[in-house]
Amino acid sequence: MKFTMLLLIIGLIGYIINHKSNIIILFISIEIMLLGVTIFIILSGYNNDDIIGLVIGVIVLIITGIESAIGLTILVNYYKLKGTLPTNI
């Protein structure tokens, strides 16, 4: 459980420090926070012998993978169109 809190805090610090400077670091920080929450959900489901917690954890992993792919696709297409990425959001 300490590892999941560490991941959540690292992601939150990365988001707070870089929320206006780099959009790639912003996405990575959000992914780290979601990974920490997902691991917490999976561990809670495993410790309580609850299959629903494990299923929800897998669904969250699938959704975060889709979100990451869509976000990076938008960034790549924006870069191809404009030739640069926005640094201020």
Side-chain angles (χ1 to χ4, degrees):
M1 300 295 174
K2 292 179 183 178
F3 178 68
T4 59
M5 290 302 294
L6 180 67
L7 283 176
L8 189 66
I9 290 170
I10 288 172
L12 188 62
I13 290 172
Y15 180 80
I16 290 171
I17 291 174
N18 294 310
H19 76 279
K20 289 188 177 181
S21 62
N22 193 344
I23 196 163
I24 301 294
I25 300 295
L26 177 77
F27 277 140
I28 291 173
S29 298
I30 291 172
E31 291 296 324
I32 290 173
M33 285 190 289
L34 288 172
L35 180 65
V37 170
T38 304
I39 291 174
F40 179 76
I41 291 171
I42 290 174
L43 287 177
S44 296
Y46 181 74
N47 288 336
N48 296 328
D49 292 329
D50 185 19
I51 192 70
I52 300 298
L54 299 174
V55 171
I56 289 173
V58 171
I59 290 171
V60 170
L61 281 174
I62 292 169
I63 291 171
T64 56
I66 293 169
E67 178 260 335
S68 176
I70 290 172
L72 289 175
T73 303
I74 290 170
L75 283 176
V76 167
N77 287 332
Y78 186 86
Y79 181 76
K80 285 181 181 178
L81 183 65
K82 300 285 185 176
T84 184
L85 288 176
T87 55
N88 294 330
I89 300 173

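Worth saying up front: this structure is predicted, and the values here are computed from it rather than measured. One is the number of the first residue; the rest follow in order along the sequence.
Counting heavy atoms from C-beta on, the side chains of Asp50 and Leu54 never come closer than 4.5 Å. In this structure, Phe27 and Leu75 have side chains that are in contact, with non-hydrogen atoms separated by less than 4.5 Å.
Residues Tyr78 and Ile28 are members of one and the same hydrophobic cluster, defined by side-chain heavy-atom contacts under 4.5 angstrom among Ile, Leu, Val, Met, Phe, Trp and Tyr. Using a 4.5 Å cut-off between side-chain heavy atoms of Ile, Leu, Val, Met, Phe, Trp and Tyr, with links allowed through other members, Leu7 and Tyr46 fall into the same hydrophobic cluster. Grouping the Ile, Leu, Val, Met, Phe, Trp and Tyr side chains by contacts below 4.5 angstrom, directly or via other members, places Leu72 with Ile32. In the hydrophobic clustering of this structure, Ile9 does not group with Met33; members are Ile, Leu, Val, Met, Phe, Trp, Tyr whose side-chain heavy atoms approach within less than 4.5 Å, directly or through other members. Cluster annotation: Val55 and Ile39 are assigned to the same hydrophobic cluster (Ile/Leu/Val/Met/Phe/Trp/Tyr, side-chain heavy-atom contacts under 4.5 Å, transitive).
Residues Thr64 and Leu61 share a closest heavy-atom pair of OG1-O, 2.9 Å. For the pair Ser29 and Gly14, the tightest heavy-atom approach, listed with the atom from each and the gap, is OG-C, 3.3 Å. Nearest heavy atom pair, residue Glu67 against residue Leu34, reads OE1-CD1, 4.3 Å.
When the side chain to side chain contact (heavy atoms under 4.5 Å, CB included) test is applied to Ile63, the partners found at least two apart in sequence or on another chain are Ile59. For the side chain to side chain contact (heavy atoms under 4.5 Å, CB included) test, residues two or more places apart in sequence or in another chain that qualify with Tyr79 are Leu85. In this structure Leu6 satisfies the side chain to side chain contact (heavy atoms under 4.5 Å, CB included) test together with Ile10, sequence neighbours excluded. For Ile41, the side chain to side chain contact (heavy atoms under 4.5 Å, CB included) partners two or more places apart in sequence, or in a different chain, are Val37, Ile56.
Rounding to the nearest 0.5 Å places CD1 of Ile17 at 10.0 Å from CG of Leu12.
The other members of the hydrophobic cluster of Val58, by chain and number, are Ile62, Ile66, Ile70, Ile74 (side-chain heavy atoms under 4.5 Å, ILVMFWY only).
Formation of a donor-acceptor pair under 3.5 Å by the Ser68 side chain with backbone atoms of Gly65 is not found in this model.
Note on residues 3-18: pairs passing side chain to side chain donor-acceptor pair (under 3.5 Å), not counting sequence neighbours, are Asn18-Ser21.
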